Amino acid sequence: MSTIDISNAISALAKTYYKVLKVNLTDDTYQVVKILPTETPDEQKNDIKSISLWFMMFADRGNIYEADENIYRTRLTLDSLRSFFKENDRFRLRYRRKTDGVFRWVFMEIIKADDYTDKNQSTWLFVQDIHDSYVHEMEVQRELEHFCKYDTLTGLNNFYSYQTQCRNYASQQEPESIGVIFADLNGLKLINDTRGHAAGNDFLRSFTSKLVENFKHELIYRISGDEFLIVIHGSDKEDVQFLADNFHAYLSKDPVPQASIGCSWSKNPKHIEDVARDAETKMYKDKEAFYEKHPEYKRGIAELSYKREIDAILRSLSNSYALMATIDLEKNSYWVLKTLAKSNAPKSLTFTGIMNDTIQLVDPEYKEIVAQFFDIQFLKSDLKKNKSLVYEYKTIAGHWHQATFRTIEEIDGEPSKALFILELVDHGRAARLEQVRDLQFEHQIIEGLSKNYTMICRIELASKKVQLYKNISLVENVTTAMKVLDYDAVVKWFIQKYVIPEDQDRLTAFMDFSNVRSKLEKMEQTSILFRTTPDFHNTKGISYSQFLFYRLKSDPDKIVMATKNVTNSMG
């Protein structure tokens, strides 16, 4: 690099840095490239040029902020710098120095020069004013730290602070006693839904003021929308309970207490969370007492939830429905929301009655399965497992309907109300359903299976439900059992009743649904041979039977299961 290039580079650096020195740590000298005129002490003449003396005299004259002076003096000694550069290439130091009578943040950087060697430690020293950007950065950092630790609405400690407190406590060698008061607001959801979230925020701030009035601010945590914790360290059980009872009495002065609370204490728990969970459990007892005294709050929340579910479902449904109604599964009653019929007042007064009327219009081939699907006890049982049930069937007039039931209200985990939708399937879709059905019977079942089959069933992969296609020679109770429509139940019943004991375990293992499904993912069909008791095929002795499983090509989500007597073919 030429002298001109070096000069240009130094000039460019001088615009960014107000101090640029060429420093030799080996002989404790420096050369000035750029420096503020006021920085050269009178005592240090041009013929001395000692960098260590420069550093110390600069601090002696009061130019380094008091809190930064120790690190400045310690790190900027010759011995420290010489040792540092034997293993590192770049030295950095951030401190506050006086500039025009004001202390400002600066950044010093010392880097190895091109001619640096262990015996000739030649370096470049740069000092840059970073005050404005660094102060802004610290302000942003403090703001972020505040948001991390405190709830923006109430100003209380937030869930992150609570988790930090829990981790710190768990790491202690000698755990101290912990008391937790758990508070859950009464009716915040109702206020949000009826009066708006602004009113809900006012409610939260009002409750916060009560907390701060009764407890130290640093003990209080808002851990979710309407849940608060007061965590008390190192107090006796009686003292914690006294605080909880006083706060409960304080809240009870209002006609409607703003919160339900629970209290728990442990002498030396491993985790704060364990005490908090116990306090939450006790809070629920207080919540139940609140609802007993103010049932309008629980009823109001349930009614709002019910209305919201209905509105959401109504908005999302197609305009093609023929009937829409809500069903009370407990009372066997219904309420028609909309119908395409001329009159929206059906003759029957019960849901069972209106379903019986509907079943009379179903194609005979589907009538049995539809009757079970519409049975109110069946609905209550299956809606407990699945929030939505869907079934398609054909009417006497040749139309296809889709019946849908969706849970919209529960009581103690049991479905109590459901939405019933009856939709008309479009002509194109109906034609496809007919075509698939024909393909299933004609190509996959009739041609694909032996003509002497005893019965044929369809199994749906998703639900494991069984639908009987055809039953030729089975005794009546077998047909009755098939109405169970649950694969596992049918298989268990069949094996116990008709399979000889020696073959039961082998057949049970093979008929496991996951095993059958796994086999049919690899091959088109699979089968098993076994022996059945005389009353299965109504024979004099033990018979050989076969189960054949065949995956439908026209409908890969369904499996055909067929059974036949193969005694003659076995010789």
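Throughout, residue positions are numbered sequentially from 1 according to the sequence presented. Computed from a prediction, not measured in an experiment: that's the story for all the values here.
By the side chain to side chain contact (heavy atoms under 4.5 Å, CB included) test, Lys387 is found to be paired with Thr407, Glu410, residues two or more places apart in sequence or in another chain being considered. A search for side chain to side chain contact (heavy atoms under 4.5 Å, CB included) contacts involving Ser252 returns His248, not counting sequence neighbours.
Checking Ser260 against Asp184 by side-chain atom types alone, no donor-acceptor pair falls below 3.5 Å. When only modelled atom types and interatomic distance are considered, Gln165 and Tyr169 share no side-chain donor-acceptor pair under 3.5 Å. Of the N and O atoms on the side chains of Asp27 and Thr29, at least one donor lies less than 3.5 Å from an acceptor on the other residue. Between Asp512 and Ser514, the side chains place a donor N or O and an acceptor N or O closer than 3.5 Å (distance only, hydrogens not considered). No hydrogens or angles considered: a donor-acceptor pair under 3.5 Å links the side chains of Lys287 and Asn186.
The structure places CH2 of Trp265 at 12.0 Å from CD1 of Ile232, a figure rounded to the nearest 0.5 Å. The CG atom of Asp89 sits 9.5 Å away from atom CD1 of Ile111, with the distance rounded to the nearest 0.5 Å. Interatomic distance, Phe182 CZ to Tyr284 OH, rounded to the nearest 0.5 Å: 6.0 Å. Atom CD of Glu109 sits about 13.5 Å away from atom CH2 of Trp124, to the nearest 0.5 Å. The line from CD of Gln121 to CD1 of Ile110 is 11.0 Å long, rounded to the nearest 0.5 Å. In this structure, CD1 in Ile191 is found 11.0 Å from NE2 in His197, a value given to the nearest 0.5 Å.
When side chains are defined from C-beta on, Ser177 does not count as touching Asp236, because their heavy atoms never get closer than 4.5 Å. Taking the side chain as every heavy atom from C-beta outward, Tyr297 and Leu190 approach each other to under 4.5 Å. With contacts defined as side-chain heavy-atom distances shorter than 4.5 Å, the pair Glu409/Thr326 does not qualify. By the 4.5 Å heavy-atom criterion applied to side chains, Ile51 and Leu76 are not counted as neighbours. Under the 4.5 Å side-chain criterion, counting only non-hydrogen atoms from C-beta, Leu204 is in contact with Arg222. By the 4.5 Å heavy-atom criterion applied to side chains, Asn192 and Phe203 are not counted as neighbours. Side chains of Phe91 and Leu125 form no contact here, defined as non-hydrogen atoms less than 4.5 Å apart. Contact annotation: the side chain of His271 never approaches that of Cys166 to less than 4.5 Å [non-hydrogen atoms, C-beta and beyond].
Residue Phe513 qualifies as enclosed at atom CZ: its count of foreign heavy atoms under 6.0 Å is above 12. Around the CD atom of Gln172, the shell of radius 6.0 Å holds more than 12 heavy atoms that belong to other residues, nucleotides or ligands. Other residues, nucleotides and ligands contribute over 12 non-hydrogen atoms within 6.0 Å of the CG atom of Asp488.
Judged by distance alone, with hydrogens and angles left aside, the side-chain atoms of Asp226 form no donor-acceptor pair with the main-chain N or O of Leu185 at under 3.5 Å. Side-chain N or O atoms of Asn158 include one that pairs as donor or acceptor with a backbone N or O of Tyr160 at under 3.5 Å. Under a 3.5 Å cut-off, the side chain of His217 and the backbone N or O of Gly155 do form a donor-acceptor pair. Side-chain N or O atoms of Ser133 include one that pairs as donor or acceptor with a backbone N or O of Ile130 at under 3.5 Å. Panel note: side chain Asn268, backbone Pro175; no donor-acceptor pair is recorded below 3.5 Å. Ser209 places a side-chain N or O within donor-acceptor distance of the main-chain N or O of Ser206, the cut-off being under 3.5 Å. Under the 3.5 Å distance criterion, the side-chain polar atoms of Ser83 are left unmatched by any main-chain donor or acceptor of Asp79. Between the side chain of Thr526 and the backbone N or O of Phe549, no donor-acceptor pair lies under 3.5 Å.
Among residue pairs with one or both ends in residues 256-276, those qualifying as salt bridge (charged side-chain N to carboxylate O under 4.0 Å, His left out) are Asp274-Arg277; sequence neighbours excluded.
A salt bridge is defined here as a Lys NZ or Arg NE, NH1 or NH2 lying under 4.0 Å from an Asp or Glu carboxylate O, and Lys282 with Asp278 meets this definition. With respect to Arg104 and Asp132, a salt bridge is recorded, a charged nitrogen being found less than 4.0 Å from a carboxylate O. Looking at Arg82 and Asp28, no side-chain N of the basic residue comes within less than 4.0 Å of a carboxylate O on the acidic one, giving no salt bridge.
When all heavy atoms of Phe103 and His131 are compared, the closest pair comes out as O-CE1, 3.9 Å. Smallest separation of non-hydrogen atoms from Ala259 and Ala183: CB-CB, 4.5 Å. Shortest non-hydrogen contact noted between Ala59 and Tyr72 is CB-CE2, 3.8 Å. Taking both residues in full, the closest heavy atoms of Asn157 and Ile220 are given as ND2-O, 2.9 Å, listed atom of the first, atom of the second, then distance. Of all the heavy atoms in Asp286 and Ile261, the pair that sits closest is OD2-N, 2.9 Å. The two residues Arg90 and Phe85 make their nearest non-hydrogen contact at N-CE2, 4.2 Å.
Not less than 6.0 angstrom separates the ring centroid of Tyr134 from the ring centroid of Phe107.
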